[in-house]
Amino acid sequence: MSEELRISQGNKEEKYAALLPQIKSVVEDEPDLIACMANVASMLHETFGWWWTGFYRVVNEELVLGPFQGPMACTRIRRGRGVCGTAWDKDETQVVPDVEKFPGHIACSSASRSEIVVPVHDKEGQVIAVLDIDSAELATFDETDKEWLEKIASIL
Ligand code: SME
């Protein structure tokens, strides 16, 4: 594919639909997971203009900061802690409309108001990372984001 991201001008659904084949083509022949995560974080961030878009990887029973776009963030998160640690522990996407109402939310940035965290699995179904996206506005993420971001996480 060309090295330039094509961003749909449509609604959220149309943006995801235009983005998915571009992400597929970027990751399909690239075996290096970190390189793939870096491009996926960039492509999502450029398309939607969120506050923070990135990955935490499971390393020795902890989440460790991976490729991201946005301000600097916490480096390590323990299992079950915050939204990311909960998504990993429960192996379940977490959609958080208001981070202040999520018990144990880890505030890496006070500008973050809502959040979605999606587990990323290996071929055996083990959680190997989470995709964490933060918005500076309340209630940014819904079932549409969950559905499309889970699709994106599944092709990594
Ligand atoms: N808010 C996250 C921590 C990571 S930062 O948002 C980048 C959480 O509670 O898991």
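Start at 1 and go down the list; that is how both ligands and their atoms are numbered.
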Please lay out, stage by stage, how Y16 and F48 fare under the test ring pair (Phe, Tyr, Trp, His ring centres under 6.0 Å).
CA-CA 9 Å; Y16 278 118; F48 291 99; 4.6 Å; yes

With respect to V83, determine whether any N or O atom, backbone or side chain, lies less than 3.5 Å from an N or O atom of ligand 1.
yes

Answer yes or no: is there a side-chain heavy-atom contact under 4.5 Å between L149 and L131?
yes

Salt-bridge present (K12, D145; N to O < 4.0 Å):
yes

So is H105 polar-close to ligand 1, meaning N/O to N/O under 3.5 Å?
yes

Below 3.5 angstrom, do we get any N/O pair linking Y56 and ligand 1?
no

Ligand 1 and C84, any nitrogen or oxygen pair closer than 3.5 angstrom?
yes

Can you confirm, on distance only, whether ligand 1 has an N/O atom lying under 3.5 Å from any N/O atom belonging to I106?
yes

Assess whether atom CD of E137 is packed by more than 12 heavy atoms of other residues, nucleotides or ligands within 6.0 Å.
no

Which residue owns the protein heavy atom closest to atom 5 (S) of ligand 1, what's the atom, and how far is it?
C108 SG, 3.2 Å

Per-atom contacts of ligand 1 with A73, taking only distances under 4.0 Å to non-hydrogen atoms
7 (C)

If a pair satisfies side chain to side chain donor-acceptor pair (under 3.5 Å) and one of its residues is in residues 82-91, list it, with sequence neighbours excluded.
R79-D89, D91-H121

Among all protein heavy atoms, pick out the one at the shortest distance from atom 7 (C) of ligand 1; state its residue, atom name and that distance to 0.1 Å.
D132 OD2, 3.4 Å

Decide if atom CH2 of W51 counts as having more than 12 heavy atoms of other residues, nucleotides or ligands within a radius under 6.0 Å.
no

In terms of heavy-atom contacts, does CD of E143 have more than 12 from other residues, nucleotides or ligands at under 6.0 Å?
no

Are the side chains of L156 and I128 in touch, meaning some heavy atoms are under 4.5 Å apart?
no

Can W52 and E115 be counted as having a side-chain donor-acceptor contact under 3.5 angstrom?
no

What atoms of ligand 1 come closer than 4.0 angstrom to any heavy atom of D134?
5 (S), 6 (O)

If we set the cut-off at 4.0 Å for heavy atoms, which region of F68 has an atom near ligand 1: side chain, backbone, both, or neither?
neither

Show the atoms of ligand 1 that are less than 4.0 angstrom away from any heavy atom in G82.
9 (O), 10 (O)

How far is atom 2 (C) of ligand 1 from its nearest protein heavy atom, and which residue and atom name does that atom have?
E115 OE2, 3.2 Å

At less than 4.0 angstrom from any non-hydrogen atom of W52, what atoms of ligand 1 do you find?
7 (C)

